K.L.:
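Structure in structure tokens, see below.
Predicted model only: the values in this text are computed from it and were never measured.
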Amino acid sequence: MPPKNISSYSDRAIALIVLSKMLYGMTAASSGSEELRAEHRRLLNESLVSLSPDPEFDLSSIPWDNLLDSIVRCHPYICVQADTGLFTLRELRYMAAIICGLSGKEFGIITGYRSHYNLSWSIRQKLNQPPGSYNLRTLLHDLYEKPQT
């Protein structure tokens, strides 16, 4: 398991970790994906062990916004929230990142946006939750699992 301080990794390692979390998050809700997740975890661990710094790799060359937008369009709960018009595009992308398991720091590294606390506060407020009262990831998962009435 990677240490919590993601900023100590090379750009290539950060990209691998973030892409891995995004893929894992997208397959987590799929039935029958246990084998895929196990294989994915194995490949991630092998890749992290064998990583060497590559001076030509550029983290910003990955279209992070496009990937996050794809998750926004595909995730049923976030798609419904997008249709309400209540959330900004950045908030929707942040929600997608959080649901996939990214930390606020990882979101900041890939998007360049450093105020993830403000995004969390705004999202909680728009979901009628007191600031800091609920872990945002848990809140989003609970709202997704709860039947809509």
K.L.:
Is any side-chain heavy atom of Y113 closer than 4.5 Å to one of L119?
P.N.:
yes
K.L.:
When you compare the side chain of I123 with that of L139, does any pair of heavy atoms fall below 4.5 Å?
P.N.:
no
K.L.:
Would you name the heavy atoms of P130 and R124 that are closest together and state the gap between them?
P.N.:
O-CD, 3.7 Å
K.L.:
If we ignore hydrogens and angles and just use 3.5 Å, is the side chain of K126 paired with the main-chain N or O of F87 as donor and acceptor?
P.N.:
no
K.L.:
Check for a donor-acceptor pair, side chain of W64 on one end and backbone N or O of F107 on the other, with a separation under 3.5 Å.
P.N.:
no
K.L.:
How long is the straight-line distance from CZ of R73 back to SG of C79, given to the nearest 0.5 Å?
P.N.:
9.5 Å
K.L.:
Quick one: closest heavy-atom pair of V72 and A82, and the distance?
P.N.:
CG1-CB, 4.4 Å
K.L.:
So, taking the atom named CD in Q81 and the one named NE2 in H75, what distance separates them when rounded to the nearest 0.5 Å?
P.N.:
11.0 Å
K.L.:
If I take atom CG from residue L140 and atom CD1 from residue I99, how far apart are they, to the nearest 0.5 angstrom?
P.N.:
4.5 Å
K.L.:
Give a yes or no on whether the backbone of N118 and the side-chain of S115 come within a donor-acceptor separation of less than 3.5 Å.
P.N.:
no
K.L.:
Please check: side-chain N/O of R137 versus main-chain N/O of L102, any donor-acceptor pairing under 3.5 Å?
P.N.:
yes
K.L.:
What's the separation between atom CD in Q125 and atom CG in L86, rounded to the nearest 0.5 Å?
P.N.:
9.5 Å
K.L.:
Side chain to side chain donor-acceptor pair (under 3.5 Å) between Y94 and T111: does it pass, once the steps are laid out?
P.N.:
CA-CA 10 Å; Y94 186 64; T111 63; over 6 Å; no
K.L.:
Does any non-hydrogen side-chain atom of I62 lie less than 4.5 Å from one of I110?
P.N.:
no
K.L.:
I need the L68 CG to C100 SG distance, nearest 0.5 Å.
P.N.:
8.0 Å
K.L.:
Enter the distance from D69:CG to L92:CG here, rounded to the nearest 0.5 Å.
P.N.:
9.0 Å
K.L.:
I71 and side chain to side chain contact (heavy atoms under 4.5 Å, CB included): which single residue from R93, M22, M95 fits?
P.N.:
M22
